Amino acid sequence: MSKPDKQIDRYIHEAAPFAQEILIHFRALVHKACPEVQEKIKWSFPHFDYKGEMMCSMAAFKNHCAIGFWKASLMKDAKKLKKGNEEAMGHYGKITSVKDLPDNKTIIANIKEAMKLNDDGIKLPPKKKAAATELPVPENLSKALSKNKIALQKFEAFSPSHRKEYIMWINEAKTKVTQQKRIAKTIENLSEGKSLNWKYNK
């Protein structure tokens with residue numbers, strides 16, 4: 001049986017109370033269905049790999065959680081899972097409590113099917129490459145960066161995805177006060193060469 005990943009322990013601990021219950025519940029079912037599972041943080045949220053390939057994932061947001069299956073499009077419930085994905089990032093829709101999840105038998109069946117796809121070496125069809133698009137830098141962030149050469153250099157050296165994380169985080173602020181706080185935190189992190197989710201990217 002594989003050992004729990006400490007980064008995922010921390011991810012769950014730092015999630016909202018409602019989310020902790022959901023994450024703990026799904027994680028336990030993954031380990032029950034797949035004792036050989038490997039836990040990893042990818043793209044700043046928990047993933048569960050099997051046989052060297054991604055199998056499923058879970059993520060906590062402000063008001064809901066999401067569960068995803070990497071090869072959902074190849075699974076028997078593909079249409080149902082796709083419908084759930086239209087409501088949220090994952091395949092079970094927006095999950096606000098354990099009651100929103102399918103029953104344990106269904107979840108375990110989904111996990112075992114995902115395992116079999118990996119066992120059989122079945123791959124997802126290749127995706128067409130989309131042209132990379134970058135979000136415009138908010139004016140307030142641009143001004144703050146212009147006053148800190150180190151932060152500006154680090155920001156420009158970051159990958160488009162890491163720059164996007166900061167820009168989206170700032171744009172999602174609901175008040176000017178919150179936005180200014182996030183900009184200040186961004187400058188502080190950048191000055192130290194840290195991405196937004198640096199704690200989970202080790």
Side-chain angles (χ1 to χ4, degrees), residues 4-27 39-48 54 56-68 83-101 130-202:
D5 187 285
K6 290 183 179 179
Q7 289 187 81
I8 293 181
D9 289 340
R10 183 168 59 187
Y11 182 96
I12 294 173
H13 178 73
E14 293 178 353
F18 85 91
Q20 291 181 12
E21 184 181 5
I22 297 165
L23 300 176
I24 290 170
H25 182 81
F26 182 74
R27 186 190 198 185
E39 298 186 340
K40 294 180 181 178
I41 289 287
K42 297 179 183 178
W43 301 308
S44 305
F45 56 94
H47 282 70
F48 301 96
M54 286 190 284
C56 55
S57 62
M58 62 185 189
F61 300 96
K62 185 176 181 181
N63 297 311
H64 73 280
C65 289
I67 302 297
K83 185 177 180 181
N85 197 30
E86 291 171 356
E87 300 174 14
M89 183 182 76
H91 294 106
Y92 291 152
K94 290 186 177 180
I95 307 162
T96 59
S97 75
V98 172
K99 293 180 181 179
D100 291 335
L101 287 167
T133 57
E134 286 212 43
L135 296 176
V137 180
E139 185 178 351
N140 289 348
L141 175 58
S142 182
K143 287 181 179 178
L145 287 169
S146 68
K147 297 176 182 178
N148 190 313
K149 290 184 179 180
I150 295 176
L152 177 59
Q153 289 173 354
K154 295 292 185 182
F155 184 74
E156 292 178 341
F158 270 166
S159 65
S161 61
H162 281 162
R163 290 196 293 269
K164 185 177 180 180
E165 286 177 348
Y166 274 120
I167 292 171
M168 288 182 66
W169 185 52
I170 291 167
N171 286 341
E172 288 170 357
K174 293 183 179 180
T175 67
K176 288 185 177 180
V177 174
T178 300
Q179 187 180 66
Q180 287 301 323
K181 287 182 178 179
R182 291 185 179 184
I183 288 174
K185 186 63 179 177
T186 296
I187 298 300
E188 179 186 333
N189 280 2
L190 290 172
S191 297
E192 297 175 7
K194 296 176 179 177
S195 63
L196 178 61
N197 297 297
W198 63 273
K199 289 188 290 185
Y200 304 117
N201 292 330
K202 293 180 180 179

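Quick caveat: nothing in here was measured; it's all calculated off a predicted structure. Index from 1, following the sequence.
For Asn189 (side chain) and Thr186 (main-chain N/O), no donor-acceptor pair under 3.5 Å exists by modelled atom type. Proximity of a side-chain donor or acceptor of His47 to a complementary backbone N or O of Phe45 within less than 3.5 Å is detected. No donor-acceptor pair under 3.5 Å is formed between the side chain of Gln7 and the backbone N or O of Lys40.
Between Arg27 and Asp9, the closest heavy-atom pair is NH1-OD1, 2.8 Å. Here the closest heavy-atom approach between residue Leu101 and residue Ile67 is recorded as CD2-CG1, 4.2 Å. The minimum heavy-atom distance linking Phe18 with Asn63 is given by the pair CZ-C, 3.4 Å. Nearest heavy-atom pair, His64 versus Lys94, reported as atom, atom and distance to 0.1 Å: CD2-CG, 3.8 Å.
Here the side chains of Glu39 and Pro4 are in contact, with some heavy-atom distance below 4.5 Å. In this structure the side chain of Asn148 never reaches within 4.5 angstrom of the side chain of Leu190, judged on heavy atoms. Inter-residue side-chain proximity for Ile41 and Pro46 is flagged as met; some heavy-atom pair is nearer than 4.5 Å. Proximity of Arg182 to Asn140: side-chain heavy atoms (C-beta onward) are nowhere separated by under 4.5 Å.
In this structure Ser142 satisfies the side-chain contact (heavy atoms from CB on, under 4.5 Å) test together with Val137, sequence neighbours excluded. With sequence neighbours excluded, the residues forming a side-chain hydrogen bond (donor to acceptor under 3.5 Å, both in side chains) with His25 are Asn104, listed by chain and number.
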Check: residues 168-176 side-chain donor-acceptor pairs under 3.5 Å, at least two apart:
{"from": "Asn171", "atom 1": "ND2", "to": "Ile167", "atom 2": "O", "distance (Å)": "3.4"}
{"from": "Thr175", "atom 1": "OG1", "to": "Thr178", "atom 2": "N", "distance (Å)": "3.1"}
{"from": "Thr175", "atom 1": "OG1", "to": "Thr178", "atom 2": "OG1", "distance (Å)": "2.9"}

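Using a 30° and 60° split on the angle between ring planes, Phe26 and Tyr92 fall in the perpendicular class, above 60°.
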